[in-house]
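Computed from a prediction, not measured in an experiment: that's the story for all the values here. Within every chain, numbering begins at 1; the chains are lettered A, B, ... in the order of the sequence lines, protein sequences first and strands thereafter.
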Number of protein chains: 2
Amino acid sequence: MKDNNDMPGHLARRFQQIAVAVFLAEVEDAGFDLTPVQYAALATIKANPGLDQVTLAGLIAYDRTTITGVIDRLVQKGLAERRASSRDRRARELEITDEGRRTLRKITPAVESAQRILLRGLSAKEGEDLMRLLRKAIAAGNDLSRAPLRDLQA
Amino acid sequence: MKDNNDMPGHLARRFQQIAVAVFLAEVEDAGFDLTPVQYAALATIKANPGLDQVTLAGLIAYDRTTITGVIDRLVQKGLAERRASSRDRRARELEITDEGRRTLRKITPAVESAQRILLRGLSAKEGEDLMRLLRKAIAAGNDLSRAPLRDLQA
DNA sequence: TGATATTGCTCAGTATGCTGACTATCAGTA
DNA sequence: TACTGATAGTCAGCATACTGAGCAATATCA
């Protein structure tokens, strides 16, 4: 009888569950209200000004139907803006606002703290190993989900 | 500038995303309609007949408010039964049905296949290492989520 | 025993994440 | 240029996850 602890799928779920909880706790302690998903989206918008939603989704491996709601909430919080593209009238160009920039800057220590806490049971080397193995497994399975990671086409 | 790939939290999300996609695909190929969460709950009910919902939630680290809907769906599919406890009238005792037992038996190869696919980018040793490191990180962070893993009190 | 705390469960509300369908638009080609 | 297929975005619907509140029942202890 296989135990849950022998199932990588179950370990994946647990690890993610803890990651989200730690992130939210650290960010709230810092006085902010931002989810891991919203943070990743905002940071990626900042790094790629004017990108469209599909490109953003590809860069962080979100489903295109999920990103709609995430951006809705970033816009509602005044952290990002969505405007029609002049080149392609189907597309929306995304920009970070000054408020979004400020928030990102101030929230960074909490985000980094969350990453440390998530690995607190491991030595530095073990943490590196875990990340390396996760990256490798993820790369091999990238195309198995509906929302694979995609590079910038540039 | 820290890349997403250097954030264990982001890797956790991607790994879990792929794990769910692989599980659902394998199970559907086998002709069944069961989510990873439903599978874990059903298998745990089978292994611990008559357990109550809070205990079940603790054994698989689900939130108590999440388990309600999961069990609803297992009951609706005819795979499990929920009955009032005679010892404690607040509690519900959970049982697997014959249909549930049959489903579990027939679905096992697909579930095991999903676990293999999830690690297909890794060697056997790397897969073992990944699981060991995940277990260690999870153990250290167990109490950081609202739904920690709990042992049977017996 | 009676007041208080705790526990098992449910519900409303919010945020992912997905499937599948739909509209508007664009791109390529006959 | 008219047709065809692909693409960007949205929406409805379903299944986790969680917060916080509430109800009923049990446990505890003065």
Flag, side chain of T66(A) to backbone of Y62(A), donor-acceptor distance under 3.5 Å: no
Under 3.5 Å, which N/O atoms of the protein pair with N/O atoms of nucleotides 5-7 of chain C?
residue, atom, partner, partner atom, Å
dT7(C), O2, R90(B), NH1, 2.4

Within-4.5 Å side-chain heavy-atom neighbours: R83(A) and R92(A): no
L24(A) CG to dC18(D) C1', straight-line distance once rounded to whole Å: 9 Å
Annotated protein contacts, base or backbone, on nucleotides 10-17 of chain C with a non-hydrogen cut-off under 4.0 Å, one of B, S, - each: BB---SSB
Atom-to-atom span, CZ of R87(A) to P of dT25(C) - whole angstrom: 16 Å
Between dA17(D) (P) and L144(B) (CG): distance, integer Å: 18 Å
Separation of atom CG in L51(A) from atom P in dG9(D), rounded to whole Å: 9 Å
Rounded interatomic separation in angstrom, taking CZ from R14(A) and P from dT16(D): 17 Å
Upstream residue (5' side of DNA chain C) when V54(B) and A21(B) are each assigned their closest nucleotide: V54(B)
Nearest-0.5 Å distance, OG1 of residue T44(A) to CD1 of residue I60(A): 4.5 Å
Sidechain-backbone polar pair: Q76(B) side chain, R73(B) backbone, donor-acceptor under 3.5 Å: no
E28(A) CD to dT19(D) P, straight-line distance once rounded to whole Å: 10 Å
R89(A) side-chain N/O to dC26(C) phosphate OP1/OP2 under 4.0 Å: yes
